Amino acid sequence: MNGDLILIFQNYWKWKRDLVITFNITIRDESGDAIYESTNNKPKLINSISIKELFKKYIPNQFVERGVVEIEIFSKDNIVFPFPAVMGFYKSKNSLTSAVHTAGRTLEKPLEEEHFFSETNFFISTNKNFRPFVNIFNGPSGAIKDLRILIMEKNNPEPIKVINETPLLKPYESRTIFIDNKNLSNKNKHGEVNNLSIFDDAVNYFLKIQGKYTSIFPRFVCGNLDIINKHYCVTHTYREIDFSGDKLENCFGIEKRSSVSLPLVKDVINLKTVIYPTSSSEENSVSFHLNKLDDLQKESISFVKDLSVKKCGLNSIIIDSEKTSGFFLSAAPNNKSGELPARIHVNCMYYLKNKMKTLPSDISHQLTAHLSKPKSNYWFNGIVSKGYKNLILGSSVTSESFLKRNSEPIEFSLIIRLEKKDINLTKFYKFGGDGNNSFVLCIEDIFRKENIKIFDEDVFSWRIVMKEGKMGAIYCLSYNEELGCIYGEHSF
(Lines give C-alpha, C1' and ligand atoms only; values in the text may rest on other atoms or scores of the structure.)
Protein backbone atom coordinates (compact mmCIF):
# COMPACT_ATOMS: atom_id res chain seq x y z
CA MET A 1 0.00 0.00 0.00
CA ASN A 2 1.24 3.50 -0.85
CA GLY A 3 -0.29 4.87 2.31
CA ASP A 4 -2.79 3.74 4.89
CA LEU A 5 -6.52 3.73 5.57
CA ILE A 6 -7.25 4.08 9.29
CA LEU A 7 -10.76 3.40 10.57
CA ILE A 8 -11.74 5.07 13.85
CA PHE A 9 -14.95 4.87 15.86
CA GLN A 10 -15.98 5.26 19.47
CA ASN A 11 -18.43 3.08 21.37
CA TYR A 12 -21.33 5.39 20.62
CA TRP A 13 -23.85 2.64 21.36
CA LYS A 14 -22.63 2.29 24.94
CA TRP A 15 -22.71 5.93 26.03
CA LYS A 16 -25.82 6.79 24.00
CA ARG A 17 -28.15 3.90 24.87
CA ASP A 18 -26.10 1.54 27.06
CA LEU A 19 -26.13 -1.16 24.37
CA VAL A 20 -23.73 -4.08 24.10
CA ILE A 21 -22.44 -4.62 20.57
CA THR A 22 -19.86 -6.66 18.71
CA PHE A 23 -18.42 -5.98 15.28
CA ASN A 24 -16.99 -7.83 12.30
CA ILE A 25 -14.47 -6.42 9.87
CA THR A 26 -13.97 -7.79 6.34
CA ILE A 27 -11.58 -6.75 3.58
CA ARG A 28 -12.76 -7.63 0.08
CA ASP A 29 -11.09 -7.37 -3.30
CA GLU A 30 -12.92 -5.81 -6.24
CA SER A 31 -14.50 -9.13 -7.20
CA GLY A 32 -16.21 -9.24 -3.78
CA ASP A 33 -14.12 -12.11 -2.36
CA ALA A 34 -13.21 -11.82 1.32
CA ILE A 35 -9.41 -11.83 1.77
CA TYR A 36 -9.52 -11.05 5.51
CA GLU A 37 -12.21 -11.53 8.15
CA SER A 38 -12.30 -10.87 11.88
CA THR A 39 -15.53 -11.63 13.72
CA ASN A 40 -17.21 -11.09 17.07
CA ASN A 41 -14.87 -8.27 18.14
CA LYS A 42 -15.71 -6.37 21.33
CA PRO A 43 -15.28 -2.61 21.00
CA LYS A 44 -13.24 -0.44 23.34
CA LEU A 45 -14.31 3.08 24.25
CA ILE A 46 -12.32 4.23 21.22
CA ASN A 47 -11.27 1.93 18.38
CA SER A 48 -8.72 2.38 15.58
CA ILE A 49 -7.95 -0.11 12.82
CA SER A 50 -5.03 0.33 10.41
CA ILE A 51 -5.70 -1.54 7.17
CA LYS A 52 -1.99 -1.39 6.37
CA GLU A 53 -1.17 -3.13 9.66
CA LEU A 54 -3.83 -5.79 9.06
CA PHE A 55 -2.17 -6.62 5.74
CA LYS A 56 1.28 -6.76 7.35
CA LYS A 57 0.17 -8.98 10.22
CA TYR A 58 -2.39 -11.33 8.67
CA ILE A 59 -2.07 -11.28 4.88
CA PRO A 60 1.52 -10.14 4.12
CA ASN A 61 1.69 -11.93 0.78
CA GLN A 62 -1.66 -10.70 -0.49
CA PHE A 63 -1.66 -7.84 -2.98
CA VAL A 64 -4.94 -5.99 -3.56
CA GLU A 65 -4.84 -2.88 -5.69
CA ARG A 66 -8.44 -1.87 -4.92
CA GLY A 67 -11.39 -3.15 -2.92
CA VAL A 68 -13.53 -2.27 0.08
CA VAL A 69 -13.47 -2.57 3.86
CA GLU A 70 -16.71 -3.62 5.50
CA ILE A 71 -17.69 -3.16 9.15
CA GLU A 72 -20.76 -4.91 10.55
CA ILE A 73 -22.33 -3.99 13.91
CA PHE A 74 -24.30 -6.61 15.88
CA SER A 75 -26.47 -6.34 18.98
CA LYS A 76 -29.31 -8.27 20.60
CA ASP A 77 -31.05 -4.91 21.00
CA ASN A 78 -32.21 -2.36 18.46
CA ILE A 79 -29.23 -0.11 17.69
CA VAL A 80 -31.73 2.47 16.30
CA PHE A 81 -29.28 4.62 14.35
CA PRO A 82 -27.69 2.64 11.49
CA PHE A 83 -24.69 4.94 10.97
CA PRO A 84 -22.29 4.80 13.92
CA ALA A 85 -19.97 7.44 12.39
CA VAL A 86 -17.04 5.23 11.53
CA MET A 87 -14.37 7.60 10.21
CA GLY A 88 -11.96 6.65 7.43
CA PHE A 89 -8.64 8.54 7.32
CA TYR A 90 -6.67 8.23 4.08
CA LYS A 91 -2.98 8.92 4.77
CA SER A 92 -0.35 9.13 2.03
CA LYS A 93 3.36 8.42 2.53
CA ASN A 94 4.16 12.13 2.74
CA SER A 95 1.58 12.62 5.55
CA LEU A 96 -1.10 14.25 3.40
CA THR A 97 -4.43 13.19 4.91
CA SER A 98 -8.09 13.20 3.96
CA ALA A 99 -11.18 11.91 5.80
CA VAL A 100 -14.71 10.72 5.21
CA HIS A 101 -17.37 9.10 7.38
CA THR A 102 -19.35 5.94 6.63
CA ALA A 103 -22.34 6.54 4.40
CA GLY A 104 -23.36 3.67 2.12
CA ARG A 105 -24.27 0.24 3.42
CA THR A 106 -25.36 -3.21 2.28
CA LEU A 107 -28.84 -4.54 3.10
CA GLU A 108 -29.40 -7.90 4.76
CA LYS A 109 -32.86 -8.13 3.23
CA PRO A 110 -32.84 -7.15 -0.45
CA LEU A 111 -35.59 -4.96 -1.82
CA GLU A 112 -38.32 -6.76 -3.74
CA GLU A 113 -37.94 -4.48 -6.74
CA GLU A 114 -35.05 -2.63 -8.34
CA HIS A 115 -34.71 0.98 -7.20
CA PHE A 116 -33.10 3.85 -9.11
CA PHE A 117 -30.33 5.97 -7.58
CA SER A 118 -28.80 9.28 -8.64
CA GLU A 119 -25.86 10.23 -6.41
CA THR A 120 -24.06 13.56 -6.82
CA ASN A 121 -22.93 16.69 -4.93
CA PHE A 122 -19.16 16.56 -4.75
CA PHE A 123 -16.35 18.67 -6.17
CA ILE A 124 -14.58 17.43 -9.29
CA SER A 125 -11.21 18.96 -10.04
CA THR A 126 -10.36 20.19 -13.53
CA ASN A 127 -6.64 20.26 -12.68
CA LYS A 128 -4.66 17.83 -14.84
CA ASN A 129 -2.86 16.56 -11.73
CA PHE A 130 -6.10 15.23 -10.23
CA ARG A 131 -8.53 12.53 -11.35
CA PRO A 132 -12.13 12.54 -10.07
CA PHE A 133 -13.30 9.11 -8.90
CA VAL A 134 -16.19 7.26 -7.28
CA ASN A 135 -16.26 3.83 -5.65
CA ILE A 136 -19.38 1.76 -6.45
CA PHE A 137 -20.26 -1.39 -4.51
CA ASN A 138 -22.86 -4.15 -4.65
CA GLY A 139 -24.61 -5.92 -1.79
CA PRO A 140 -25.06 -9.62 -0.96
CA SER A 141 -27.48 -10.22 -3.84
CA GLY A 142 -28.82 -8.69 -7.01
CA ALA A 143 -26.73 -6.38 -9.17
CA ILE A 144 -25.89 -2.74 -9.86
CA LYS A 145 -27.42 -2.26 -13.29
CA ASP A 146 -27.75 0.54 -15.86
CA LEU A 147 -24.70 2.16 -14.29
CA ARG A 148 -23.65 5.44 -15.88
CA ILE A 149 -21.77 8.66 -15.09
CA LEU A 150 -23.21 11.99 -16.24
CA ILE A 151 -20.89 14.99 -16.49
CA MET A 152 -22.94 18.14 -15.83
CA GLU A 153 -21.99 21.74 -16.59
CA LYS A 154 -23.22 24.88 -14.87
CA ASN A 155 -26.43 26.35 -16.35
CA ASN A 156 -26.87 23.36 -18.69
CA PRO A 157 -29.58 20.86 -17.64
CA GLU A 158 -28.37 18.29 -20.18
CA PRO A 159 -25.21 16.26 -19.54
CA ILE A 160 -22.23 17.23 -21.66
CA LYS A 161 -21.07 13.62 -21.57
CA VAL A 162 -22.54 10.25 -20.55
CA ILE A 163 -20.22 7.38 -19.60
CA ASN A 164 -21.89 3.95 -19.59
CA GLU A 165 -20.37 1.37 -17.26
CA THR A 166 -20.75 -2.41 -17.22
CA PRO A 167 -22.95 -3.71 -14.35
CA LEU A 168 -21.69 -5.10 -11.05
CA LEU A 169 -23.09 -8.64 -11.02
CA LYS A 170 -21.24 -10.49 -8.24
CA PRO A 171 -22.15 -10.31 -4.54
CA TYR A 172 -20.12 -7.58 -2.79
CA GLU A 173 -18.35 -6.66 -6.04
CA SER A 174 -16.93 -3.14 -6.14
CA ARG A 175 -15.34 -0.82 -8.66
CA THR A 176 -13.42 2.43 -8.46
CA ILE A 177 -14.31 4.50 -11.52
CA PHE A 178 -11.94 7.28 -12.59
CA ILE A 179 -13.33 10.09 -14.72
CA ASP A 180 -11.30 11.75 -17.46
CA ASN A 181 -11.29 15.50 -16.75
CA LYS A 182 -8.78 16.71 -19.33
CA ASN A 183 -11.48 18.32 -21.51
CA LEU A 184 -13.05 20.26 -18.64
CA SER A 185 -11.75 23.82 -18.72
CA ASN A 186 -11.88 26.02 -15.64
CA LYS A 187 -10.04 29.36 -15.79
CA ASN A 188 -10.42 31.41 -12.65
CA LYS A 189 -10.92 35.16 -12.43
CA HIS A 190 -7.15 35.68 -12.36
CA GLY A 191 -6.86 34.09 -15.79
CA GLU A 192 -4.86 31.17 -14.45
CA VAL A 193 -5.93 27.61 -15.08
CA ASN A 194 -6.38 25.39 -12.02
CA ASN A 195 -3.84 27.09 -9.77
CA LEU A 196 -3.96 25.35 -6.39
CA SER A 197 -2.60 28.42 -4.60
CA ILE A 198 -5.59 30.47 -5.76
CA PHE A 199 -8.78 28.70 -4.81
CA ASP A 200 -11.35 31.44 -5.33
CA ASP A 201 -12.53 30.23 -8.74
CA ALA A 202 -16.10 29.15 -9.43
CA VAL A 203 -17.25 25.53 -9.59
CA ASN A 204 -18.48 24.83 -13.11
CA TYR A 205 -18.95 21.05 -13.24
CA PHE A 206 -20.35 18.19 -11.21
CA LEU A 207 -21.18 14.51 -11.70
CA LYS A 208 -24.23 12.32 -11.37
CA ILE A 209 -23.74 8.61 -10.72
CA GLN A 210 -26.87 6.72 -11.69
CA GLY A 211 -28.01 3.10 -11.70
CA LYS A 212 -30.37 0.52 -10.22
CA TYR A 213 -29.92 -1.56 -7.06
CA THR A 214 -31.65 -4.06 -4.76
CA SER A 215 -29.32 -4.79 -1.82
CA ILE A 216 -27.49 -1.55 -0.93
CA PHE A 217 -28.18 1.88 0.48
CA PRO A 218 -26.45 3.93 -2.25
CA ARG A 219 -24.03 6.48 -0.86
CA PHE A 220 -20.52 6.27 -2.24
CA VAL A 221 -16.99 7.30 -1.29
CA CYS A 222 -15.75 9.66 -3.98
CA GLY A 223 -13.46 12.64 -4.56
CA ASN A 224 -10.26 13.29 -6.49
CA LEU A 225 -7.01 11.34 -6.72
CA ASP A 226 -3.93 13.57 -6.35
CA ILE A 227 -1.75 11.91 -9.00
CA ILE A 228 1.53 13.61 -8.04
CA ASN A 229 1.25 12.87 -4.32
CA LYS A 230 -0.59 9.53 -4.73
CA HIS A 231 -3.18 10.85 -2.31
CA TYR A 232 -6.95 10.34 -2.23
CA CYS A 233 -8.90 13.54 -1.43
CA VAL A 234 -12.15 11.97 -0.28
CA THR A 235 -15.75 12.83 0.53
CA HIS A 236 -19.06 11.06 -0.09
CA THR A 237 -21.89 11.48 -2.56
CA TYR A 238 -25.34 12.78 -1.67
CA ARG A 239 -28.52 11.90 -3.48
CA GLU A 240 -30.23 14.04 -6.06
CA ILE A 241 -33.83 14.76 -5.07
CA ASP A 242 -35.44 13.44 -8.24
CA PHE A 243 -38.95 12.95 -6.84
CA SER A 244 -41.71 15.42 -6.01
CA GLY A 245 -43.03 16.15 -2.53
CA ASP A 246 -39.69 16.48 -0.72
CA LYS A 247 -40.40 20.02 0.45
CA LEU A 248 -41.44 22.15 3.39
CA GLU A 249 -44.61 24.21 3.19
CA ASN A 250 -45.57 27.61 4.60
CA CYS A 251 -41.99 28.71 5.27
CA PHE A 252 -42.78 32.42 5.43
CA GLY A 253 -40.99 34.28 8.21
CA ILE A 254 -37.36 34.35 9.35
CA GLU A 255 -38.01 31.73 12.02
CA LYS A 256 -38.98 29.22 9.32
CA ARG A 257 -35.88 29.59 7.20
CA SER A 258 -33.49 26.69 6.71
CA SER A 259 -30.03 27.64 7.87
CA VAL A 260 -26.45 26.72 8.70
CA SER A 261 -23.55 28.50 10.41
CA LEU A 262 -20.23 28.70 8.55
CA PRO A 263 -17.50 29.60 11.10
CA LEU A 264 -13.88 30.30 10.11
CA VAL A 265 -10.41 30.53 11.63
CA LYS A 266 -9.35 34.16 11.45
CA ASP A 267 -6.59 34.91 8.89
CA VAL A 268 -5.69 31.22 8.50
CA ILE A 269 -8.53 29.30 6.85
CA ASN A 270 -10.89 30.52 4.13
CA LEU A 271 -14.04 28.79 2.94
CA LYS A 272 -15.72 28.15 -0.37
CA THR A 273 -19.29 26.87 -0.08
CA VAL A 274 -20.92 25.21 -3.06
CA ILE A 275 -24.69 24.93 -3.43
CA TYR A 276 -25.57 22.20 -5.92
CA PRO A 277 -28.75 22.35 -8.06
CA THR A 278 -29.98 18.94 -6.97
CA SER A 279 -32.43 19.69 -4.14
CA SER A 280 -35.68 19.69 -6.10
CA SER A 281 -37.17 17.79 -9.03
CA GLU A 282 -39.38 20.78 -9.80
CA GLU A 283 -38.50 24.42 -10.29
CA ASN A 284 -38.04 25.91 -6.84
CA SER A 285 -36.72 29.45 -6.42
CA VAL A 286 -34.92 30.08 -3.14
CA SER A 287 -33.63 33.34 -1.67
CA PHE A 288 -30.30 32.97 0.17
CA HIS A 289 -29.04 35.40 2.80
CA LEU A 290 -25.61 35.74 4.40
CA ASN A 291 -25.07 37.58 7.69
CA LYS A 292 -21.72 37.89 9.43
CA LEU A 293 -21.54 35.84 12.60
CA ASP A 294 -19.94 38.77 14.40
CA ASP A 295 -22.54 41.29 13.11
CA LEU A 296 -25.95 39.64 12.68
CA GLN A 297 -27.75 42.97 12.31
CA LYS A 298 -26.41 43.62 8.83
CA GLU A 299 -27.00 41.42 5.80
CA SER A 300 -23.85 41.10 3.71
CA ILE A 301 -24.97 39.14 0.66
CA SER A 302 -28.26 37.93 -0.76
CA PHE A 303 -29.04 36.10 -3.99
CA VAL A 304 -31.77 34.01 -5.58
CA LYS A 305 -31.25 30.54 -7.04
CA ASP A 306 -33.47 27.87 -8.53
CA LEU A 307 -32.33 24.64 -6.88
CA SER A 308 -33.78 22.28 -9.47
CA VAL A 309 -31.60 20.45 -11.96
CA LYS A 310 -33.82 21.95 -14.67
CA LYS A 311 -31.89 25.19 -14.21
CA CYS A 312 -28.57 23.61 -13.14
CA GLY A 313 -27.43 26.80 -11.44
CA LEU A 314 -24.28 25.91 -9.49
CA ASN A 315 -23.38 28.58 -6.95
CA SER A 316 -20.03 29.16 -5.20
CA ILE A 317 -19.52 31.56 -2.28
CA ILE A 318 -16.02 32.59 -1.18
CA ILE A 319 -15.63 33.64 2.46
CA ASP A 320 -12.38 35.42 3.39
CA SER A 321 -11.35 34.95 7.02
CA GLU A 322 -9.52 38.30 6.97
CA LYS A 323 -12.89 40.07 6.85
CA THR A 324 -15.05 37.95 9.14
CA SER A 325 -15.10 35.06 11.60
CA GLY A 326 -17.79 33.40 9.50
CA PHE A 327 -21.31 33.69 8.14
CA PHE A 328 -24.80 32.56 8.97
CA LEU A 329 -26.40 31.25 5.78
CA SER A 330 -30.21 31.10 5.63
CA ALA A 331 -32.64 30.16 2.89
CA ALA A 332 -36.16 31.54 2.40
CA PRO A 333 -38.80 30.71 -0.24
CA ASN A 334 -38.87 32.96 -3.27
CA ASN A 335 -42.32 31.85 -4.36
CA LYS A 336 -45.92 32.63 -3.46
CA SER A 337 -46.56 29.17 -2.02
CA GLY A 338 -43.83 29.52 0.63
CA GLU A 339 -42.23 26.19 -0.27
CA LEU A 340 -38.63 25.26 0.46
CA PRO A 341 -36.77 22.07 -0.50
CA ALA A 342 -36.62 19.84 2.58
CA ARG A 343 -32.92 19.21 1.93
CA ILE A 344 -30.72 22.00 0.63
CA HIS A 345 -27.28 20.62 -0.08
CA VAL A 346 -24.20 22.69 0.66
CA ASN A 347 -20.59 21.56 0.55
CA CYS A 348 -17.94 23.24 2.71
CA MET A 349 -14.51 23.49 1.10
CA TYR A 350 -12.22 24.83 3.81
CA TYR A 351 -8.80 25.76 2.44
CA LEU A 352 -5.60 27.29 3.81
CA LYS A 353 -5.24 30.94 2.95
CA ASN A 354 -1.51 30.96 2.28
CA LYS A 355 -0.60 27.58 0.83
CA MET A 356 -2.31 24.51 -0.59
CA LYS A 357 -0.34 21.48 -1.78
CA THR A 358 -3.38 19.35 -2.47
CA LEU A 359 -7.17 19.78 -2.60
CA PRO A 360 -9.09 21.15 0.39
CA SER A 361 -11.87 19.57 2.42
CA ASP A 362 -15.16 18.85 0.65
CA ILE A 363 -17.56 18.41 3.55
CA SER A 364 -20.93 17.17 2.31
CA HIS A 365 -23.58 18.94 4.35
CA GLN A 366 -27.06 20.47 4.23
CA LEU A 367 -29.00 23.35 5.73
CA THR A 368 -30.99 22.58 8.85
CA ALA A 369 -34.76 22.88 8.41
CA HIS A 370 -36.77 24.78 11.03
CA LEU A 371 -38.63 21.57 11.94
CA SER A 372 -35.42 19.78 12.96
CA LYS A 373 -35.07 18.93 16.63
CA PRO A 374 -32.10 20.51 18.46
CA LYS A 375 -29.24 18.15 19.29
CA SER A 376 -27.94 17.52 22.78
CA ASN A 377 -24.92 15.39 21.82
CA TYR A 378 -22.18 15.85 19.23
CA TRP A 379 -19.22 13.55 18.68
CA PHE A 380 -16.20 12.97 16.45
CA ASN A 381 -12.95 11.00 16.11
CA GLY A 382 -9.52 12.00 14.84
CA ILE A 383 -5.75 11.51 14.69
CA VAL A 384 -2.96 13.52 16.30
CA SER A 385 -0.30 13.86 13.58
CA LYS A 386 3.00 15.73 13.56
CA GLY A 387 2.57 19.33 12.39
CA TYR A 388 -1.25 19.14 12.30
CA LYS A 389 -3.71 21.07 14.44
CA ASN A 390 -7.13 19.54 15.16
CA LEU A 391 -9.92 22.09 15.48
CA ILE A 392 -13.55 22.16 16.57
CA LEU A 393 -15.50 25.01 14.95
CA GLY A 394 -19.00 25.93 16.07
CA SER A 395 -21.48 28.76 16.50
CA SER A 396 -24.19 29.76 18.95
CA VAL A 397 -26.38 31.17 16.16
CA THR A 398 -29.47 29.19 15.14
CA SER A 399 -32.50 30.21 13.08
CA GLU A 400 -34.36 30.77 16.35
CA SER A 401 -31.76 33.13 17.84
CA PHE A 402 -31.17 34.79 14.45
CA LEU A 403 -34.77 36.01 14.55
CA LYS A 404 -33.71 38.21 17.47
CA ARG A 405 -30.52 39.20 15.59
CA ASN A 406 -28.53 38.05 18.59
CA SER A 407 -27.14 34.70 19.62
CA GLU A 408 -28.04 33.25 22.97
CA PRO A 409 -25.50 31.83 25.45
CA ILE A 410 -24.50 28.21 25.09
CA GLU A 411 -22.83 26.01 27.64
CA PHE A 412 -21.46 22.54 27.06
CA SER A 413 -19.04 19.98 28.37
CA LEU A 414 -16.35 18.56 26.11
CA ILE A 415 -15.11 15.05 26.90
CA ILE A 416 -11.92 14.07 25.05
CA ARG A 417 -10.33 10.64 25.12
CA LEU A 418 -6.84 9.60 23.98
CA GLU A 419 -6.41 5.97 22.91
CA LYS A 420 -2.69 5.37 23.61
CA LYS A 421 -2.58 7.17 26.95
CA ASP A 422 -6.02 5.95 27.99
CA ILE A 423 -6.88 9.44 29.26
CA ASN A 424 -10.28 11.07 29.65
CA LEU A 425 -10.36 14.87 29.94
CA THR A 426 -13.52 16.91 30.58
CA LYS A 427 -13.67 20.66 30.01
CA PHE A 428 -16.57 23.14 30.31
CA TYR A 429 -17.18 26.04 27.92
CA LYS A 430 -19.54 28.98 27.57
CA PHE A 431 -19.94 31.09 24.43
CA GLY A 432 -22.34 33.55 22.89
CA GLY A 433 -24.71 36.21 24.12
CA ASP A 434 -22.06 38.93 23.96
CA GLY A 435 -21.46 39.32 20.23
CA ASN A 436 -18.93 36.48 20.26
CA ASN A 437 -21.07 34.14 18.21
CA SER A 438 -18.55 31.53 17.09
CA PHE A 439 -15.80 29.49 18.71
CA VAL A 440 -12.65 27.60 17.75
CA LEU A 441 -11.18 24.94 20.04
CA CYS A 442 -7.83 23.27 19.34
CA ILE A 443 -7.40 19.72 20.68
CA GLU A 444 -3.61 20.03 20.96
CA ASP A 445 -3.86 23.35 22.85
CA ILE A 446 -6.37 21.90 25.31
CA PHE A 447 -3.99 19.09 26.29
CA ARG A 448 -0.98 21.42 26.31
CA LYS A 449 -2.67 23.71 28.85
CA GLU A 450 -3.31 20.67 31.03
CA ASN A 451 0.38 19.68 30.76
CA ILE A 452 -0.60 16.41 29.09
CA LYS A 453 1.88 15.26 26.47
CA ILE A 454 0.26 13.67 23.43
CA PHE A 455 2.00 11.25 21.08
CA ASP A 456 2.13 11.59 17.32
CA GLU A 457 -0.32 9.27 15.58
CA ASP A 458 -2.37 8.90 18.75
CA VAL A 459 -6.09 8.54 18.18
CA PHE A 460 -8.63 10.69 19.95
CA SER A 461 -12.39 10.91 20.27
CA TRP A 462 -14.51 13.69 21.69
CA ARG A 463 -18.08 14.21 22.71
CA ILE A 464 -19.96 17.44 23.42
CA VAL A 465 -22.94 17.41 25.80
CA MET A 466 -25.12 20.52 25.75
CA LYS A 467 -25.88 22.07 29.14
CA GLU A 468 -27.65 25.25 28.04
CA GLY A 469 -28.82 26.73 24.74
CA LYS A 470 -28.73 25.36 21.21
CA MET A 471 -26.21 25.20 18.42
CA GLY A 472 -26.18 23.89 14.90
CA ALA A 473 -23.47 22.20 12.89
CA ILE A 474 -19.98 21.66 14.27
CA TYR A 475 -17.05 21.33 11.89
CA CYS A 476 -13.95 19.28 12.66
CA LEU A 477 -10.85 20.39 10.77
CA SER A 478 -7.23 19.30 10.82
CA TYR A 479 -4.55 21.27 9.02
CA ASN A 480 -0.80 21.45 8.50
CA GLU A 481 0.37 24.82 7.16
CA GLU A 482 3.86 23.58 6.30
CA LEU A 483 2.51 20.68 4.24
CA GLY A 484 -0.30 22.76 2.75
CA CYS A 485 -2.94 20.20 3.72
CA ILE A 486 -6.35 20.56 5.35
CA TYR A 487 -9.11 18.00 5.78
CA GLY A 488 -12.25 17.66 7.85
CA GLU A 489 -15.83 16.56 8.34
CA HIS A 490 -18.93 17.68 10.16
CA SER A 491 -19.51 16.26 13.62
CA PHE A 492 -22.20 13.68 14.35
Side-chain angles (χ1 to χ4, degrees), residues 6 8 10-11 15 44-48 87 89 95 97 99 261 263-269 293-294 321 324-326 350 352-354 361 375-397 407 409-469 471-483 485-492:
I6 301 171
I8 305 175
Q10 54 183 281
N11 198 343
W15 62 253
K44 299 178 292 183
L45 292 176
I46 179 170
N47 307 270
S48 63
M87 291 293 304
F89 293 85
S95 296
T97 308
S261 290
L264 293 172
V265 179
K266 197 75 171 174
D267 297 325
V268 178
I269 298 173
L293 286 175
D294 47 14
S321 63
T324 179
S325 60
Y350 284 98
L352 295 173
K353 189 170 182 177
N354 295 323
S361 71
K375 294 185 64 174
S376 57
N377 289 285
Y378 301 80
W379 70 98
F380 195 73
N381 318 298
I383 302 175
V384 177
S385 297
K386 185 177 180 180
Y388 280 86
K389 290 184 177 181
N390 284 279
L391 306 181
I392 304 172
L393 280 70
S395 170
S396 54
V397 183
S407 71
I410 55 171
E411 292 186 33
F412 59 83
S413 60
L414 171 66
I415 304 107
I416 315 174
R417 184 172 185 84
L418 289 173
E419 182 186 40
K420 288 182 180 179
K421 281 206 162 186
D422 195 22
I423 287 176
N424 266 329
L425 179 64
T426 300
K427 302 289 289 183
F428 296 91
Y429 295 95
K430 182 176 181 179
F431 296 100
D434 56 0
N436 183 22
N437 301 326
S438 63
F439 63 86
V440 179
L441 300 174
C442 177
I443 299 294
E444 287 78 4
D445 287 348
I446 291 171
F447 281 106
R448 191 175 296 114
K449 289 178 181 178
E450 297 292 325
N451 294 316
I452 298 174
K453 186 177 180 180
I454 50 180
F455 302 112
D456 287 340
E457 304 309 313
D458 200 352
V459 170
F460 67 86
S461 67
W462 60 253
R463 175 188 172 198
I464 282 177
V465 181
M466 297 300 299
K467 302 296 183 183
E468 180 183 337
M471 73 181 157
I474 294 179
Y475 304 90
C476 314
L477 302 179
S478 185
Y479 72 95
N480 185 319
E481 287 191 277
E482 185 178 345
L483 278 179
C485 180
I486 183 169
Y487 65 92
E489 262 290 2
H490 57 75
S491 69
F492 308 98

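This structure is a prediction, so every number in the text was calculated from the model and none was measured.
In this structure, Lys430 is not positioned above the aromatic face of Phe428 in the sense of NZ or CZ being under 6.0 Å from the six-membered ring centre and within 45° of the axis.
Using a 4.5 Å cut-off on side-chain heavy atoms (C-beta onward), Trp379 and Ser461 make no contact. For the pair Asp294/Ser325, a side-chain contact is recorded, criterion being any heavy-atom separation below 4.5 Å from C-beta on. A 4.5 Å side-chain heavy-atom check between Ile423 and Ile452 finds at least one atom pair inside the cut-off. Counting heavy atoms from C-beta outward, Asn381 and Phe460 have side chains that stay 4.5 Å or more apart. Counting heavy atoms from C-beta outward, Lys353 and Val268 have side chains that stay 4.5 Å or more apart. When side chains are defined from C-beta on, Leu393 does not count as touching Ile474, because their heavy atoms never get closer than 4.5 Å. With a 4.5 Å cut-off on side-chain heavy atoms, Leu414 and Thr426 do not count as touching. The closest side-chain heavy-atom distance from Glu457 to Ile383 is below 4.5 Å.
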- Worked check of side chain to side chain contact (heavy atoms under 4.5 Å, CB included) between Tyr429 and Ile410: CA-CA 8 Å; Tyr429 295 95; Ile410 55 171; over 6 Å; no

Worked verdict on Tyr378 versus Lys375 for side chain to side chain contact (heavy atoms under 4.5 Å, CB included):
CA-CA 7 Å; Tyr378 301 80; Lys375 294 185 64 174; 3.8 Å; yes

query = Going through the distances and angles, do Ser95 and Leu483 end up as a side chain to side chain contact (heavy atoms under 4.5 Å, CB included)?
reply = CA-CA 8 Å; Ser95 296; Leu483 278 179; 3.8 Å; yes

| Step by step, would you call Ser413 with Ile415 a side chain to side chain contact (heavy atoms under 4.5 Å, CB included)? | CA-CA 6 Å; Ser413 60; Ile415 304 107; 4.0 Å; yes

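Qualifying salt bridge (charged side-chain N to carboxylate O under 4.0 Å, His left out) partners for Glu482, counting only residues two or more places apart in sequence or in other chains: none. With sequence neighbours excluded, the residues satisfying ring pair (Phe, Tyr, Trp, His ring centres under 6.0 Å) with Phe439 are Phe412, Phe431. Here Asn11 pairs with Trp13, Lys14, Ile21, Pro43 under the side-chain contact (heavy atoms from CB on, under 4.5 Å) rule; sequence neighbours left out. Under the salt bridge (charged side-chain N to carboxylate O under 4.0 Å, His left out) criterion, Glu450 pairs with Lys427, sequence neighbours left out. Among residues two or more places apart in sequence or in another chain, the side chain to side chain donor-acceptor pair (under 3.5 Å) test is passed with Glu481 by none. With sequence neighbours left out, the salt bridge (charged side-chain N to carboxylate O under 4.0 Å, His left out) criterion links Arg463 to no other residue. When the side chain to side chain donor-acceptor pair (under 3.5 Å) test is applied to Ser395, the partners found at least two apart in sequence or on another chain are Ser261. Under the side-chain contact (heavy atoms from CB on, under 4.5 Å) criterion, Leu45 pairs with Arg417, sequence neighbours left out. Applying the salt bridge (charged side-chain N to carboxylate O under 4.0 Å, His left out) criterion to Lys420, with sequence neighbours excluded, gives no partner residue. Remark: Lys44 engages Asn47, Glu419 in a side-chain contact (heavy atoms from CB on, under 4.5 Å) (not counting sequence neighbours). Not counting sequence neighbours, the partners of Asp445 by the side chain to side chain donor-acceptor pair (under 3.5 Å) test are Arg448. Not a single ring pair (Phe, Tyr, Trp, His ring centres under 6.0 Å) links Tyr479 to another residue, sequence neighbours left out.
Distance check, rounded to the nearest 0.5 Å: OG of Ser385 to CZ of Phe89 gives 9.0 Å. To the nearest 0.5 angstrom, Asp458 atom CG is 12.0 Å from Ile443 atom CD1. A distance of 7.0 Å separates OG of Ser491 from CD1 of Ile464, quoted to the nearest 0.5 Å. To the nearest 0.5 Å, atom OG of residue Ser478 and atom CD of residue Glu489 are 13.0 Å apart. Note that the OG1 atom of Thr97 and the CD1 atom of Ile486 stand 12.0 Å from one another [nearest 0.5 Å]. Note: Asn390 CG to Cys476 SG = 9.0 Å, rounded to the nearest 0.5 Å.
With a 6.0 Å radius and a threshold of 12 heavy atoms from other residues, nucleotides or ligands, Lys389 has its NZ atom at or below the threshold.
Of all the heavy atoms in Leu293 and Ser438, the pair that sits closest is CD1-CB, 3.9 Å. Closest of all the heavy-atom pairs between Ile269 and Leu391 is CD1-CD1, 4.2 Å. Among all heavy-atom pairs drawn from Pro263 and Tyr350, the shortest one is O-OH, 2.9 Å.
Side-chain polar atoms of Gln10 and Trp462 form no donor-acceptor pair below 3.5 angstrom.
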